[in-house]
Amino acid sequence: MTNNQTASIVKKAIDELSKKQSYQSVCHHHTQDHSMPSIDALADIVNLTREIIFPGYFGDSSIRPDSIRYYIGVNTEKLYALLSEQIFSGLCFECSDPAEMDLESVRSRSHNYAADFIAELPEIRRVLSTDVEAAYLGDPAAKSKGEVIFCYPAIRAISNYRIAHSLLNIGVPLIPRIIAEMAHSETGIDIHPRATIGEYFSIDHGTGVVIGATSIIGKNVKLFQGVTLGAKSFPLDEDGNPIKGVPRHPIIEDGVVIYAQATILGRITIGKDSVIGGNVWVTNSVPTHSKIVQFKPRDVLYTGGGGI
């Protein structure tokens, strides 16, 4: 083709892509002159939060006791500014009628939400420190808690979850889901920010773990790679569409261990201190102190009652 021919092809494609009927189904109509949430900015927010929670492990590694207050202060002020802007974008994105928005009110809400999140950082750090300890104590290969913070993908995914869950509880829309999905892309661990997860939570290896939105997980729970806490079915409305917000994922009580590739479906309860073996399929509740294991092909042994 000649240069004129290739230029004509490119121009035609640009013209087609610029037609409103071409992009309106995939382009969100938001308030003019206000940007949508930014994946890059949210990555900066998550990294800043990690720097504050785990000082010295992320960002500036030369932290000293006499400078830590300054270091945390600078990063917290920066986090507040970045997060306020992204929350504002998320609130604008969620508005059904941009023309009716009171932008000053939305701006004020975004600052209040950001401040509320900053206030939660000490508690987020406390809970994440229990997750680090659980990973360290639960893995003979871990030589230090510092190694766990630096190296373990589960800590990265759980950190994103704890951040996203806190934002969701405050009332921030959209942003928590983006933050959770960032960790999913990075680690292969999919934790919905709406799930409720207690202290001392650990995931060994982690790839392929799925934790659904209405899951409730107690304290001292350990999962291995490939575990699914999912829904068995979706209740439908009169039009045949899934009903939103119905509890449909498992409740995992304190002290439960779930081994690799186990699939636990529906609003069932796995009782306290139970052990779920690898590659089993559980769709009925299991009493406390139960053990469910697969001991030969197409056969499952379970003790302590319950069912599969």
Side-chain angles (χ1 to χ4, degrees), residues 28 30-31 33-61 63 68-95 103 106-129 131-132 149-195 197 201 206 211 213:
H28 179 74
H30 58 287
T31 306
D33 299 326
H34 289 283
S35 60
M36 291 193 288
S38 164
I39 298 293
D40 291 338
L42 289 171
D44 290 340
I45 285 167
V46 171
N47 289 334
L48 268 175
T49 306
R50 286 198 184 104
E51 289 182 42
I52 294 165
I53 291 172
F54 301 116
Y57 288 93
F58 303 95
D60 187 352
S61 61
I63 303 303
I68 192 166
R69 193 178 191 283
Y70 171 79
Y71 171 84
I72 289 178
V74 169
N75 280 337
T76 302
E77 292 288 346
K78 185 177 180 182
L79 173 62
Y80 172 77
L82 287 173
L83 184 57
S84 296
E85 193 60 37
Q86 287 305 300
I87 291 174
F88 177 74
S89 295
L91 290 169
C92 290
F93 183 90
E94 289 288 302
C95 181
L103 290 180
V106 174
R107 179 71 71 182
S108 177
R109 286 171 60 200
S110 70
H111 285 293
N112 290 341
Y113 285 157
D116 288 342
F117 176 76
I118 298 297
E120 289 294 315
L121 286 175
E123 176 62 9
I124 295 173
R125 176 189 280 173
R126 186 194 69 79
V127 177
L128 276 171
S129 70
D131 301 328
V132 171
I149 295 169
F150 270 132
C151 304
Y152 282 40
I155 295 302
R156 178 171 291 270
I158 295 169
S159 297
N160 277 46
Y161 158 76
R162 299 286 188 201
I163 293 166
H165 185 71
S166 179
L167 288 167
L168 190 68
N169 283 345
I170 289 166
V172 176
L174 183 62
I175 301 302
R177 190 64 190 272
I178 296 174
I179 289 173
E181 289 303 325
M182 288 164 56
H184 184 194
S185 298
E186 292 174 2
T187 67
I189 299 170
D190 182 2
I191 309 176
H192 196 286
R194 197 172 296 280
I197 302 177
F201 177 59
I211 300 174

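- Contact record, E51 with N75: OE1-ND2, 3.4 Å, taken as the closest heavy-atom pair.
- Using modelled atom types, one side-chain atom of H165 and one backbone atom of P193 make a donor-acceptor pair closer than 3.5 Å.
- Listed here is the closest heavy atom pair of Y57 and F150: O-CE2, 3.3 Å.
- With respect to the salt-bridge test (charged N to carboxylate O, under 4.0 angstrom), the residues E120 and R125 do not qualify.
- With hydrogens and angles left out, the side-chain atoms of R50 and N160 include a donor and acceptor closer than 3.5 Å.
- Put simply, the side chain of S166 never gets that close to the backbone of R162: no donor and acceptor are under 3.5 Å apart.
- Residues E85 and R107 have side chains in contact (heavy-atom distance under 4.5 Å, counting atoms from C-beta outward).
- Within the 4.5 Å cutoff, the side chain of P153 has no heavy atoms near those of the E186 side chain.
- The two residues L91 and R109 have their closest heavy-atom pair at CD2-NH2, 3.5 Å.
- Nearest heavy-atom pair, A114 versus S84, reported as atom, atom and distance to 0.1 Å: CB-OG, 3.3 Å.
- For the atom pair CD (E77) and CD1 (I72), the distance works out to 13.0 Å, reported to the nearest 0.5 Å.
- Taking the side chain as every heavy atom from C-beta outward, S89 and M36 never approach each other to under 4.5 Å.
- Atom CG in L42 sits 13.0 Å away from atom CD in E181 (nearest 0.5 Å).
- For the atom pair I158 CD1 and D131 CG, the distance stands at 5.0 Å (nearest 0.5 Å).
- Contact record, V106 with C92: CG1-SG, 4.4 Å, taken as the closest heavy-atom pair.
- At a threshold of 4.5 Å between non-hydrogen side-chain atoms, the residues I189 and Y161 do not count as touching.
- Side-chain contact between L167 and L83: present, with at least one pair of heavy atoms (C-beta onward) separated by less than 4.5 Å.
- By the 4.5 Å heavy-atom criterion applied to side chains, S159 and I155 are counted as neighbours.
- Distance check: L128 CG to I163 CD1 gives 7.5 Å after rounding to the nearest 0.5 Å.
- By the 4.5 Å heavy-atom criterion applied to side chains, N47 and F58 are not counted as neighbours.
- Ring centroid separation for the pair Y80 and H111 comes in under the 6.0 Å cut-off.
- Between A157 and I191, the shortest heavy-atom distance links the atoms O-CD1, 4.3 Å.
- Judged as a ring pair (Phe, Tyr, Trp, His ring centres under 6.0 Å), and not counting sequence neighbours, F201 has no contacts.
- Rounded to the nearest 0.5 Å, atoms CD1 (I45) and CD1 (I87) are 7.5 Å apart.
- Separating the CD1 atom in I52 from the OG1 atom in T76 is a distance of 3.5 Å, to the nearest 0.5 Å.
- Counting heavy atoms from C-beta outward, L121 and L79 have side chains that approach closer than 4.5 Å.
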